[in-house]
2 protein chains.
Amino acid sequence: MTENNDVMPDEMLELIAQRFRLLSDPMRLKILHQLQSGEKSVTELVNNTGASQPNVSKHLSTLRTHGLVKRRQQGNMALFSIAAPFIFDVCEIVCDSMKTEWEQRSSLLGQPN
Amino acid sequence: MTENNDVMPDEMLELIAQRFRLLSDPMRLKILHQLQSGEKSVTELVNNTGASQPNVSKHLSTLRTHGLVKRRQQGNMALFSIAAPFIFDVCEIVCDSMKTEWEQRSSLLGQPN
DNA sequence: TATCAGAATGACGCTGCAGTTATATACCTC
DNA sequence: GAGGTATATAACTGCAGCGTCATTCTGATA
């Protein structure tokens, strides 16, 4: 009665959720979007995002811990770049879904689910 | 100096992040996964997920508000089903990415980014 | 109408986490 | 080594959101 028929262990759900959680913050998306055009230093990201330096560093640390970005030291500074290109595929799907939904709503208009 | 070269308004980032946030909870993923095999009542979901009834209802409400599921009343009960199939495309990509990463780690082993 | 099952809602506590301030560390230049 | 720039980290604060308990609402059935 309380069993889960389909096999989908809680552990895995946890991991998937965790990955989505990484993408569920606007500032992190902003950073990732910045990195899409290529490797960037922390300072560059700070300037381009408008976030504080500690904030950017922390986000980068989080993203790196979970394997979404990689880090390269060059002289005085740290250069970050995308390590998991799948992010953009995912984002594209989500963007498309929003676009589709938007068009549907503005054309049909009304009728809630 | 503080400008964002690439055009990606904060509003949109907020919306995308919001959508990812919906998917960043294990219980919600569990519910969505249950719905993947077809329309389900709240009680069924309660039984299959092991969550409390108010909890399931609340998650369903959230998912519905954001257009991920739809609701149909039948007699005494409410039947929920998937309204945004893109979810599963997204999940598949994430799962694949995890699998790939897992294989790489276990074969190469070591060297952090 | 009374009663019961299914579902939704409100209020509350707790935890996680984004952001800030202050400080520490690393590296380069003089 | 001194001083400056780039980055990381620690401690703290505030808030969003998950889960629970209690309650309410809705529809079916007697």
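Every chain is numbered from 1 and lettered A, B, ... according to where its sequence line falls, protein lines coming before strand lines.
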Atom pair distance, as rounded to whole Å: [atom1] in [X] and [atom2] in [N]:
X     : N      : atom1 : atom2 : answer
A:L45 : D:dA8  : CG    : C1'   : 15 Å
B:L63 : D:dG17 : CG    : P     : 14 Å
B:K30 : D:dG19 : NZ    : P     : 10 Å
A:N47 : D:dA6  : CG    : C1'   : 12 Å
B:Q74 : D:dA28 : CD    : P     : 10 Å
B:Q18 : D:dA16 : CD    : C1'   : 13 Å

N/O donor-acceptor pairs under 3.5 Å from side chains in residues 50-58 of chain A, not counting sequence neighbours:
from: A:S52; atom 1: OG; to: A:N55; atom 2: N; distance (Å): 3.2
from: A:Q53; atom 1: NE2; to: A:S57; atom 2: OG; distance (Å): 3.2
from: A:N55; atom 1: OD1; to: A:H59; atom 2: NE2; distance (Å): 3.2

So if I apply the side-chain hydrogen bond (donor to acceptor under 3.5 Å, both in side chains) rule between A:S37 and each of A:Q34, A:H33, A:E39, A:K40, which one comes out positive?
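So, applying the side-chain hydrogen bond (donor to acceptor under 3.5 Å, both in side chains) to A:S37 and each of A:Q34, A:H33, A:E39, A:K40, only A:K40 qualifies.
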If the sugar-phosphate is the primed atoms plus P, OP1 and OP2 and the base is the rest, what is the B/S/- string for nucleotides 3-15 of chain C, using protein heavy atoms under 4.0 Å?
--BSBBB-B----
Between [atom1] on residue [X] and [atom2] on residue [Y], distance to nearest 0.5 Å:
X     : Y     : atom1 : atom2 : answer
A:F20 : B:L22 : CZ    : CG    : 10.5 Å
B:L60 : B:I31 : CG    : CD1   : 5.0 Å
B:K30 : A:D10 : NZ    : CG    : 4.0 Å
B:E44 : B:L35 : CD    : CG    : 9.5 Å

Would you say A:R21 reaches C:dG16's phosphate, i.e. side-chain N/O to OP1/OP2 under 4.0 Å?
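For C:dG16, OP1/OP2 do not have a side-chain N/O of A:R21 under 4.0 Å.
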Distance below 4.0 Å between A:H59 side-chain N/O and C:dG19 OP1 or OP2:
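Looking at the OP1 and OP2 atoms of C:dG19, one of them is under 4.0 Å from a side-chain N or O of A:H59.
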